[in-house]
There are 2 protein chains.
Amino acid sequence: MSNDIRILFGKNVRKIRISMGISQEELAFRCGLHRTYISDIERGTRNVSLENIERIAHALNVPPKDLFDFSSIEPKDDQET
Amino acid sequence: MSNDIRILFGKNVRKIRISMGISQEELAFRCGLHRTYISDIERGTRNVSLENIERIAHALNVPPKDLFDFSSIEPKDDQET
DNA sequence: ATGTGACTTTAAGTCCGTG
DNA sequence: TCACGGACTTAAAGTCACA
């Protein structure tokens, strides 16, 4: 079910934001984006475009591709229990 | 000058497409997107959003984050004059 | 087989609010 | 501090004709 790149992307944003210890509002401010928009993104309800991906990545101090690293969210079902 | 994520993204799409030996038209078909839209993306004139990023990545048989791996395009010579 | 300007439709992104 | 809705403006999606 890889349909939801929006969901995975949002989870990554949230995870990194939380790890930085900042609020959605603070992240929004650092991105120059709207408070409610960040909320939407984290909940996977928005189809974010390239330039905003970059802005968010920059505000989170990570390269954009880190926001697409879903390995820690969607573990490889490799059956390594 | 990391402003141009559109450019870098487009270059990656093109690079991978070429390496697959397919045309823009063929890629467009595999993505379910329009031929001219792919052309625009590769030239960096479009601000592509998440779902189309995923479609393109899928059509190119790479994970989305590969399209954000700019290391081979923007070599790291940290000479930021 | 691709680049490009123009165009219409759809969704991105803003801003007001409430619980 | 955040989820979420409604209404709004701007930009992305998607298509075309022609170079």
Side-chain angles (χ1 to χ4, degrees), chain A residues 1-68 70 73, chain B residues 1-68 70 73:
Chain A
M1 196 64 53
S2 55
N3 188 354
D4 280 22
I5 191 172
R6 288 187 277 95
I7 299 290
L8 295 172
F9 181 87
K11 283 188 181 177
N12 265 351
V13 170
R14 173 163 294 178
K15 190 179 61 175
I16 298 172
R17 176 180 63 80
I18 297 293
S19 80
M20 288 179 72
I22 64 174
S23 67
Q24 288 180 349
E25 219 164 0
E26 175 62 24
L27 175 58
F29 176 75
R30 295 189 192 186
C31 294
L33 294 172
H34 206 267
R35 183 202 108 214
T36 60
Y37 189 50
I38 298 295
S39 169
D40 288 349
I41 290 171
E42 291 191 356
R43 283 163 30 240
T45 65
R46 292 289 187 158
N47 194 15
V48 195
S49 63
L50 277 178
E51 308 220 320
N52 284 339
I53 289 168
E54 187 181 44
R55 281 184 175 195
I56 294 165
H58 188 74
L60 292 172
N61 294 309
V62 296
K65 70 169 179 172
D66 278 24
L67 298 176
F68 292 89
F70 306 138
I73 295 176
Chain B
M1 198 63 51
S2 54
N3 190 352
D4 282 15
I5 191 171
R6 288 187 276 95
I7 299 291
L8 296 171
F9 181 86
K11 283 189 180 178
N12 265 351
V13 170
R14 174 163 292 176
K15 191 179 60 176
I16 298 171
R17 175 179 65 78
I18 297 294
S19 80
M20 289 178 72
I22 65 173
S23 67
Q24 288 181 349
E25 226 164 357
E26 174 63 23
L27 175 58
F29 175 75
R30 297 190 191 186
C31 294
L33 295 172
H34 205 269
R35 187 209 111 216
T36 60
Y37 187 53
I38 299 295
S39 170
D40 288 349
I41 289 171
E42 290 191 358
R43 284 162 30 242
T45 66
R46 295 280 189 160
N47 194 14
V48 195
S49 62
L50 280 177
E51 309 222 317
N52 282 342
I53 290 169
E54 187 181 43
R55 281 186 175 193
I56 294 165
H58 188 72
L60 292 172
N61 293 308
V62 295
K65 71 169 178 172
D66 279 22
L67 298 176
F68 292 89
F70 306 137
I73 295 176

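Each chain gets a letter, A, B and so on, in the order the sequences are listed, and its residues count up from 1.
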Query raised in the report: Heavy atoms under 4.0 Å, any strand shown: does B:S39 hit a base, just sugar-phosphate, or nothing?
Result: base
Query - Qualifying residues under side chain to side chain contact (heavy atoms under 4.5 Å, CB included), relative to A:R55, sequence neighbours excluded - result: A:L33, A:N52
Query raised in the report: How would you list, by chain and number, every residue that makes a side chain to side chain contact (heavy atoms under 4.5 Å, CB included) with A:S39, sequence neighbours excluded?
Result: A:Q24, A:R43
Query raised in the report: Closer than 4.0 Å, any side-chain N/O of B:R43 to the OP1 or OP2 of C:dT2?
Result: no
Just how far, in rounded Å, is [atom2] of [N] from [atom1] of [X]?
| X | N | atom1 | atom2 | value |
| --- | --- | --- | --- | --- |
| B:K11 | C:dT2 | NZ | P | 18 Å |
| B:E26 | C:dA1 | CD | P | 10 Å |
| B:F29 | C:dT2 | CZ | P | 16 Å |
| A:Q24 | D:dC2 | CD | P | 5 Å |
| A:L27 | D:dA3 | CG | P | 12 Å |
| A:I38 | C:dT14 | CD1 | P | 9 Å |

Looking only at heavy atoms, what is the nearest atom pair of [X] and [Y], with distance?
| X | Y | result |
| --- | --- | --- |
| B:N12 | B:D66 | ND2-O, 3.5 Å |
| B:I41 | B:I56 | CD1-CD1, 3.6 Å |
| A:C31 | A:A59 | SG-CB, 3.6 Å |

Report task. List in chain and number order the residues that pass side-chain hydrogen bond (donor to acceptor under 3.5 Å, both in side chains) with B:N47, two or more places apart in sequence or in another chain; answer none if no residue qualifies. Result -> A:S49
Report task. Go along nucleotides 11-19 of chain D 5' to 3' and tag each nucleotide: B for a protein heavy atom under 4.0 Å from its base, S when only backbone or sugar atoms are that close, - otherwise. Result -> -SBBBBB--
Mind checking what makes salt bridge (charged side-chain N to carboxylate O under 4.0 Å, His left out) contact with [X], not counting sequence neighbours?
| X | answer |
| --- | --- |
| A:E26 | A:R30 |
| A:R14 | A:E42 |
| B:R35 | none |

Requested in this report: Treat a base pair as Watson-Crick or G-U wobble with both distances under 3.5 Å, then lay out DNA chain D in dot-bracket form, 5' to 3', with | for cross-strand pairs.
Outcome: .||||||||||||||||||
